[in-house]
Amino acid sequence: MTPERTVIRDALTDVPAGTVVTVAGWVRTVRTSKGGFSFVQVNDGSCLANLQVVADKELPNYDSEVVHLTAGTSVTATGKLVESPAKGQSVELHAEDLAVVGPADGEAYPIQPKRHSFEFLRSQAHLRPRTNTFGAVARVRSEVSGMIHEFFRSRGFVQVHTPIITASDCEGAGALFRLAADNREEGEDAEREFFGRPTYLTVSGQLEAETYACALGKVYTFGPTFRAENSNTPRHLAEFWMVEPEMAFCDLAGDADLAEDFLKFIFAGVLERCREDMEFFNTRIDKTLIETLTHVAETPFFRVGYTEAVEILSAADRKWEYPPRWGADLQTEHERYLTEEKFSGPVVVTDYPAEIKPFYMRINDDKRTVAAMDVLVPRIGEIIGGSQREERPEVLTERMSQAGLNPDEYWWYLDLRRYGTVPHAGFGLGLERCLQFITGLGNIRDVIPFPRTPRSAEF
RNA sequence: UCCCCGAUAGCUCAAUUGGUAGAGCGAGCGGCUGUUAACCGCUAGGUUGCUGGUUCGAGUCCAGCUCGGGGAGCCA
C-alpha cells in the first residue's frame, strides 16, 4: 500500500497543521451541500475519532463519485491538514484528491450510520468492528492482552505454552469437547484414536502449568480454553481466553495478593492508555465506568472467608431465593449482594468447603475446607478462581480417589509431589469477563470478535 | 438444560376489543455555500420467523418448531 499513508490517530494529534498527508479508511457518514462541497467522515480504526475530509466541487470526480459516497466505502484522501473553523474537530483534511478504493452499495450495506442493537450486530460479526463500539472493544482487548504479558514478565514470570489438545479432564472445570480426526482411510476403524487415547480441547492449562512452575518458579499461560457446557448466559462462552499464573513456594494469601495487584495493574493501565475508548464506554454504555475502575484500582480488595461470608449472608435483612447454607456454593444472588451491597467493590472469598471444590485444591487444617479463592466483582460475579494446590502426595491421592479419578492416569501430576514437592498456588482469569467489567458491556459475546456459544459458530 | 419474554420494511419500532400494515432512520432523486446521528421535500421498499389449527376474516387467538434476549444452573 501507499508507504506514506498517515494513520488518522496521528493526523488528529501528532501532525502539524499545514502538512499534506494521505489517509486511507472507510467512510462513516457523508454530508453534502450540493452547491459547494461535502463533508466525509473517514475512520481507519487507529482510533475512535473520524477524520473529517472536506471535498469541494473542484475535484474532478466530485459529481461522479464524491456526492455518491456511502457508508462503508473504502477511500484514500490526500490533502492539507488545516485547523477546522467549525466545532466538532480540531483539524480537518482539505482534499486535493479523494479516491474510491472499493465501493459499498449503500442500499445493501448492513452498518447504517445510526444506532444498531448489539443483537443485530452479532449477526454481522464480520462488519461490526467498523462500528464505534466494536472498534473500541478491539483496541481495548488488544491493549489488555499486551498488559497481561507486561505484568507477568515484569515480575519474572515465564510464559509457558500449554497444549490446546489434552488428555486430562481437569475435574471440576466442566464438560469437554472430544476430538476426532477427520482423515480416516477407507475401511479404517471409525473409533480409531489419532493419539491412541481419548483427547479433548483443553478446559484449563493449570495442570501442565504446575509442572513448569515446579521447575521455573513463576510461570503463566494465556490462551484459548474450551467448555462444552450448554450454558446460555451473557457471561459464558464455549471458547474463551484464560490467563493462568502458577507460583511455586506460594500460599493462598500470596495468590490473592497477586490477583489483586494484577487486576489493579490492568484497570489502571487501561484507563491511562485507552482514554478515548474508555470515555466512549463511559458515555454510551455505563456512566459510572471510569469512576468504578478508578476506585477499584486504588482501593484494597475485601477478603472474607467462606464461613464468614455465609454468616454475613444469613444475617442480611433480605429474602433469598436460595437461603445461604454452609456447604452449598454461593448463588449469583449471594455474590451480587457481597460485591454490590455489602462491600461495594471486589471481594475475595476464600476457604470454601472441600466437597464443592476440585481435587487439586489444598485441604486446610480444619479438614473440611480447601485453600480456594474466588475474586468477585460487581455486575459480573466471579472474574478469577484460584487456589493453593495440594502438595502432599498421600492427601492428593486420597482426594483423587474420593473424586472418582484414577490416580494412575495422573501419574505425572503426582510425580510433582513425589519428587521435590513444594507449596504452590495459582489462579485463572477469564479475559472476556475482565473485558466486560472494563467496558461495561452486558453480554460476553460482545467482547470477543467471533463468539462461540451453543448453536452459534457461523463466522 | 429449566423458567420467563420476544420475532412486523435494510435497521429501530408502531398497529385500539381479531376487520386485507405505518413511522423514524437508512437508500434513491431534488433543494440548501461549513456541516457534526445536519436539515427540508418527493420516491421506492413488507407471503408480519416457519408449519399447522380456530374463524366469514389472523400481525393480532391456539399448538408445535426454529432463532434471539433476560433470569437460573454450570463456571472463567
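Numbered from 1 within each chain, the chains take letters A, B, ... in sequence-line order. Note that the coordinates shown come from a computational prediction; the quantities given were computed from them, not determined experimentally.
The side chain of A:Leu237 lies closest to B:A76, out of B:G34, B:A76, B:C25. Ranking B:G68, B:A27, B:C11 by closeness to the A:Glu107 side chain, first place goes to B:A27. Closest to the A:Gln89 side chain, of the nucleotides B:C29, B:U35, B:G68, is B:U35. Out of B:C75, B:A27, B:G34, the shortest distance to the side chain of A:Asp329 is found at B:C75. Comparing B:U35, B:C74, B:A76 against the side chain of A:Glu229 picks out B:C74 as the nearest. Relative to the side chain of A:Lys114, the nucleotides B:G28, B:U12, B:A72 differ in distance, and B:U12 lies closest. Set against B:C11, B:A72, B:A76, the side chain of A:Phe240 has B:A76 as its closest nucleotide. For A:Thr233, the side-chain atoms get nearest to B:A72 when compared with the rest of B:A72, B:C25, B:U36. The side chain of A:Asn443 sits closest to B:G70 out of B:U36, B:G70, B:G73. Residue A:His94 places its side chain closer to B:G34 than to any other of B:C11, B:G34, B:A72.
Looking at heavy-atom distances under 4.0 Å, A:Ser123 makes no contact with the nucleic acid at all. Across all strands shown, A:Ser38 has no heavy atoms under 4.0 Å from either base or sugar-phosphate atoms. If you check every strand for non-hydrogen atoms under 4.0 Å, A:Tyr322 touches sugar and phosphate atoms only. Counting non-hydrogen atoms under 4.0 angstrom, A:Ile111 reaches nothing in the nucleic acid. Within the nucleic acid shown, A:His116 comes within 4.0 Å of sugar-phosphate atoms alone, with no base atom in reach, counting heavy atoms only. Nucleic acid contact for A:Asn232: base, since at least one base atom lies under 4.0 Å from a heavy atom of the residue. Heavy atoms of A:Arg445 sit under 4.0 angstrom from primed sugar atoms or phosphate atoms, though from no base atom. Residue A:Pro110 is classed as having no contact, given no heavy-atom separation below 4.0 Å to the nucleic acid.
Separating the CE atom of A:Met361 from the C1' atom of B:C75 is a distance of 11 Å, rounded to the nearest angstrom. The interatomic distance linking A:Lys87 (NZ) with B:U36 (C1') rounds to 12 Å, in whole Å. Rounded to an integer number of Å, the gap from A:Met373 CE to B:A76 C1' is 12 Å. With rounding to whole Å, A:Phe226 atom CZ is found 16 Å from B:A76 atom P. With rounding to whole Å, A:Leu69 atom CG is found 15 Å from B:U35 atom C1'. Here the P atom of nucleotide B:A72 and the NE2 atom of A:His236 are 10 Å apart, to the nearest Å. Taking atom CG of A:Asp105 as the reference point, atom P of B:G10 lies 14 Å away to the nearest angstrom. Put simply, CG on A:Leu441 is 12 Å from P on B:G70, counting in whole angstrom units.
Between the side chains of A:Arg31 and A:Gln52, a donor-acceptor pair is found at a separation under 3.5 Å. Under 3.5 Å, the side chains of A:Gln331 and A:Glu335 contain no donor-acceptor pair of N or O atoms. If you check the side chains of A:Asn132 and A:Arg28, you find a donor sitting under 3.5 Å from an acceptor. Counted by atom type alone, A:Glu92 and A:Ser84 present one or more donor-acceptor pairs between their side chains at under 3.5 Å. For the residue pair A:Glu96 / A:Thr78, no side-chain donor-acceptor distance below 3.5 Å is found, with atom types taken as modelled.
Residue-to-nucleotide contacts include no donor-acceptor pair under 3.5 Å from the side chain of A:Glu92 to the base of B:U36. Residue side chain A:Arg235 does not reach the base of B:A76 through any donor-acceptor N/O pair under 3.5 Å, judged by distance alone. In the interface, the side chain of A:Gln112 is paired with the base of B:G10 through a donor and an acceptor atom under 3.5 Å apart. For B:C74, its base sits under 3.5 Å from the side chain of A:Ser231 at one donor and acceptor pair at least.
To the nearest whole angstrom, the two C1' atoms, one in B:U17 and one in B:G30, are 45 Å apart. Remark: the separation of the C1' atoms in B:U8 and B:G68 is 15 Å, to the nearest Å. Nucleotides B:U1 and B:G18, compared at atom C1', are 37 Å apart to the nearest Å. Taking atom P on both B:C40 and B:U35, the two are 15 Å apart, rounded to the nearest angstrom. Rounded to whole Å, the P atom of B:A72 lies 33 Å from the corresponding atom of B:U16. Comparing B:C50 with B:U66, their C1' atoms are spaced 7 Å from each other, to the whole Å. The same atom, C1', is picked in B:U48 and in B:A58; the two are 11 Å apart, to the nearest Å. Here the separation of B:G6 from B:C13, taken at their P atoms, is 14 Å to the nearest Å.
In this structure, A:Thr29 does not reach the B:U36 phosphate: none of its side-chain N or O atoms is under 4.0 Å from OP1 or OP2. Between A:Arg31 and the phosphate of B:A38, there is a side-chain N or O to OP1/OP2 separation shorter than 4.0 Å. Between B:G24 and A:Arg115, no contact under 4.0 Å exists linking OP1 or OP2 to a side-chain N or O. For the OP1/OP2 pair of B:G73 and a distance below 4.0 Å, the side-chain nitrogens and oxygens of A:Gln331 include at least one atom meeting the criterion. At the phosphate of B:G69, OP1 or OP2 sits under 4.0 Å from a side-chain N or O atom of A:Arg122.
Relative ring orientation between A:His126 and A:Phe459 is described as parallel, the plane-to-plane angle staying below 30° on a 0-90° scale split at 30° and 60°. Relative orientation of the A:Phe262 and A:Phe427 rings is tilted, given thresholds of 30° and 60° on the angle between their planes.
Side-chain atoms of A:Lys287 come within 3.5 Å of backbone atoms of A:Thr283 as a donor-acceptor pair (strictly under, hydrogens ignored). Judged purely by atom type and a 3.5 angstrom limit, A:Arg399 uses its side chain to pair as donor or acceptor with the backbone of A:Pro358.
Heavy-atom contacts from other residues, nucleotides or ligands closer than 6.0 Å to OH of A:Tyr337 number more than 12. More than 12 heavy atoms of other shown residues, nucleotides or ligands fall within 6.0 angstrom of atom CZ in A:Arg379.
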Dot-bracket for RNA chain B, please, read 5' to 3', with Watson-Crick or G-U wobble pairs under 3.5 Å on both distances, ( ) within the strand, [ ] crossing, | other strand, . unpaired. (((((((..((((.....[..)))).(((((.......))))).....(((((..]....))))))))))))....
ring-ring contact (aromatic ring centres under 6.0 Å, His included) evaluation trace for A:Phe267 with A:Phe437: CA-CA 9 Å; A:Phe267 296 155; A:Phe437 188 68; 5.2 Å; yes
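Two residues, A:Thr453 and A:Pro113, neighbour RNA chain B, and the one matched to the more 5' nucleotide by heavy-atom proximity is A:Pro113.
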